[in-house]
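Reviewing the structure listed below.
In the text below, chain A, chain B and the rest are named by the order of the sequence lines, each starting its count at 1. These values consider heavy atoms only, across backbone and side chains, with no hydrogens, waters or symmetry-generated copies.
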Amino acid sequence: MGAGDVTLLIDGQGRQETVTVTGGTRLLELAPPAQEPPVLAALLDGRPVDLARPVFEPGHVAWLSFRDDPGRRVFRHSSAHLLAQALKRLWPETKLGTGPALEDGYYYDAEPPVPITAQDLPRIQETMAQIVAENLTIERKEISREEAMRLFAERHEPYKLEIIEGLAEDAVISIYQQGEFVDLCAGPHVPSTGFIGTVRLTNVSGAYWRGDERNPMMTRVYGTSFPSEDELQQHLKRVEEARLRDHRRVGRELGLVQFREEAPGFAFWMPKGVRLYRALEQFSRDLQGPLGYEEVMTPWIYRAELWKQSGHWQNFRDNMFVIAADEEMAVKPMNCPGHCLLFKSETRSYRELPIKWADYSPLSRFERSGTLNGLLRVRGLHQDDAHLYVRPDQIEEQIFECVGLVDTVARAFDLGQMEIEFSTRPEEYLGDLQTWARAEADLEAALRRSGRAYRINPGDGAFYGPKLDFYATDALGRRWQLSTVQLDYQLPEQFDLHYVDHEGKPRRPVMIHRAILGSLERFIGILIEHYGGAFPFWLAPEQVRVLPITEAQEAWAAQIAGDLKADGIRVHVDDRREKLGYKIRAAQGDRVPVMLVAGAREAEAGQVGVRTRQNGDEGPKPWDDVRAQMRALNRRPIDA
RNA sequence: GCUGGCGUAGCUCAACUGGUAGAGCACCUGAUUUGUAAUCAGGCGGUUGGGGGUUCAAGUCCCUUCGCCAGCUCCA
């Protein structure tokens, strides 16, 4: 082993090996040559680096390919550079912003001399493909701040200059060059443009420079890229699948919910939608009722004074509907102030705590027009909201109980395990450090007790207290924030709430604000997409459809439906004079989970032909058996 | 809110450079009494989101307004 030799520990496929090489050797020379998918970059002691990187120090190397997440990011980031290069080729005066990798694609923000529209995308895409074909080597150079400033000044890239100016004093500044194109970039990148197999531009939109609406609007071009055409097609298929599941489309098709321009941001619930909505609401009530929750109903419009007292006027006014009556009033965006008034209306003893008040009131929040999004972002909503007024010694126990509720909900809707984020004290906070420390400790103790894994989000808590956020992953792999549990020390203060302790002294209660399903509107929107409209039996707006084959079986069909109705099952008889195949097709299209065929044979034998949405024809069965089966199917995840 | 795109029958979508607004599904009527994913025939249905303008002529071009969609730092 020579003086300049370097020993590296390399993660191969499934095993590790130790390699000793001459100092200055490039990683490229060590990478497995013909691996599929090819090695694109490497992790050197955990940091992503280019394959062209020479090594001088001993270290730990892991190869990155399109198969792993960081590798995919490198691939996409290099794709973004391709996009920028194409833009510069087509419109040399284009000013470049930034172009990062995304979850399954990338974008580049630029300021072109002429507006770019979707019609330009094919042209840009062709230019990108051309650059891939040229297989330009991608080279990294580290340069001084002065050099960088000079370079990008020469190239008339004001945004790049701004970025450089914002970089830390001691930052390593690097540029990447491929052919005539140079970009300021931390890297790493794939070795050459030929590594990017196939690119597809998907969308173009506006985006403020650095996301600040006071800054100029840039043009953002979105794209994705894959090693092969095949993988691109698969991806496009997934996107199409998601589009077909879009709750706005499915919600309307299934007659659940619709939106109209007469009331932007507010849902119109149709009869079937209300069945679903009520099923969920009842589920929520039955879930928490046994835990000592009581339901309250509180006013939905209050004098401005109340909102001043609660702090909403100062912090939330832009999101409230303020109305001019004989005095200024506001429609409630949250239930908490109303609940505090109720709490205060009587002297509370330490013996009655915890008090747990649920409230499904309508809430109104003014959301900017551009942010509205079907059921997912509305102006009118209902939460499975509750406020718990507790003594400090009850915090841990109550939080623990809330985590349990979240788990039950995740199981009930096939949402897997929810991920938990624990947000701690932010820089701007109210109250004293001691209280915060206690609150965070209580939250954490409850989490520990639940045995659940969680991630700490330092400094991301609300100004009034730490919180837990729960994230679910749906059937399409998308992540949604659903439940939230927040400790609040602020409102009890604002409203001067107290209870009397065992010594007869007044004490300040702590509030826990929690929503498990969150906004019912949003939750239903997510459920529609999660299930693709094919709800499980207990939730389905129409659970059973009875299909008589001819008019002669209408009596039998009516009896079946009557029995089911008596069992509390949502049933409908399709007595149109159509063929069976036609009715089945219609029921399948309406995602009805169970179809019961009533023909002459069945009517005579006291049977029904069972057909499920999922398994198709299951043949004739005695009605009593089927009826019992339907009752069993109708049990909710929380029913015994 | 801002930028870009879009808005045609209840729904999904047609209508070449401006030249008589169409189809499928749904719905209604009639015939068919039907056995596990679409029976046939006929019919109803549109001030082309609203308003204004250009033109001999506007779904198509221009202005305006409303709504919808995408996006508005997963940090060079």
request  = Describe the nucleic acid contact of A:Gly581 in one word from base, sugar-phosphate, nothing, applying a heavy-atom distance below 4.0 Å.
outcome  = sugar-phosphate
remark   = If pairing means Watson-Crick or G-U wobble with both distances under 3.5 Å, then the partner of B:G4 is B:C69
task = Indicate, with a heavy-atom threshold strictly under 4.0 Å, whether A:Glu578 touches base, sugar-phosphate, or nothing.
result = base
ask   = Counting any heavy atom closer than 4.0 Å, what does A:Arg260 reach on the DNA or RNA strands: base, sugar-phosphate only, or nothing?
value = nothing
request  = Would you classify A:Gly105 as touching base, sugar-phosphate or nothing, given that sugar-phosphate means primed atoms plus P, OP1 and OP2, and contacts are heavy atoms under 4.0 Å?
outcome  = nothing
query = Which part of the nucleic acid does A:Lys160 contact within heavy-atom distance under 4.0 Å: base, sugar-phosphate only, or nothing?
reply = sugar-phosphate
ask   = Is B:U39 paired to anything, Watson-Crick or G-U wobble with both distances less than 3.5 Å, and if yes, which nucleotide?
value = B:A31
ask   = NA contact type, A:Leu167, heavy-atom cut-off 4.0 Å: base, sugar-phosphate, or nothing?
value = base
ask   = Where does the angle between the aromatic ring planes of A:Tyr176 and A:His81 fall among parallel (under 30°), tilted (30 to 60°) and perpendicular (over 60°)?
value = perpendicular
message = Using a heavy-atom cut-off of 4.0 Å across all strands, would you classify A:Arg220 as base, sugar-phosphate, or nothing?
response = sugar-phosphate
query = Is any NZ, NE, NH1 or NH2 atom of the basic residue among A:Glu157 and A:Arg155 found under 4.0 Å from an Asp or Glu carboxylate oxygen of the other?
reply = no
ask   = Which nucleotide span of RNA chain B, 5' end to 3' end, has atoms closer than 4.0 Å to non-hydrogen atoms of chain A?
value = B:G1 to B:A76
key: Option passing side-chain hydrogen bond (donor to acceptor under 3.5 Å, both in side chains) with A:Glu529 (candidates A:Arg478, A:Arg248, A:Arg245)   = A:Arg478
task = Name the nucleic acid region contacted by A:Arg479, choosing base, sugar-phosphate or nothing; use a 4.0 angstrom heavy-atom cut-off, strictly under.
result = nothing
task = Decide salt bridge (charged side-chain N to carboxylate O under 4.0 Å, His left out) for A:Glu253 and A:Lys272; before the verdict, give the C-alpha distance in whole Å, the side-chain angles of both, and the deciding distance to 0.1 Å.
result = CA-CA 11 Å; A:Glu253 278 172 3; A:Lys272 284 186 180 179; over 6 Å; no
task = Under 4.0 Å between any heavy atoms, over every strand shown, what does A:Ala552 touch: base, sugar-phosphate, or nothing? Just pick one.
result = nothing
query = With sugar-phosphate meaning primed atoms plus P, OP1 and OP2, does A:Tyr208 contact a base, only sugar-phosphate, or nothing at under 4.0 Å between heavy atoms?
reply = base
Parallel, tilted or perpendicular: ring planes of A:Phe266 versus A:Phe321, cut at 30 and 60 degrees = tilted
query = Contact class for A:Val597 (heavy atom, under 4.0 Å): base, sugar-phosphate, or nothing?
reply = base
request  = Look at all strands and tell whether A:Ala118 reaches a base, only sugar-phosphate, or nothing, counting heavy atoms closer than 4.0 Å.
outcome  = nothing
inquiry  = Students often get this wrong, so: under 4.0 angstrom with heavy atoms, is A:Asn373 touching a base, only sugar-phosphate, or nothing?
reply    = sugar-phosphate
key: Sugar-phosphate only, base, or nothing, as touched by A:Phe259 at under 4.0 Å among non-hydrogen atoms   = nothing
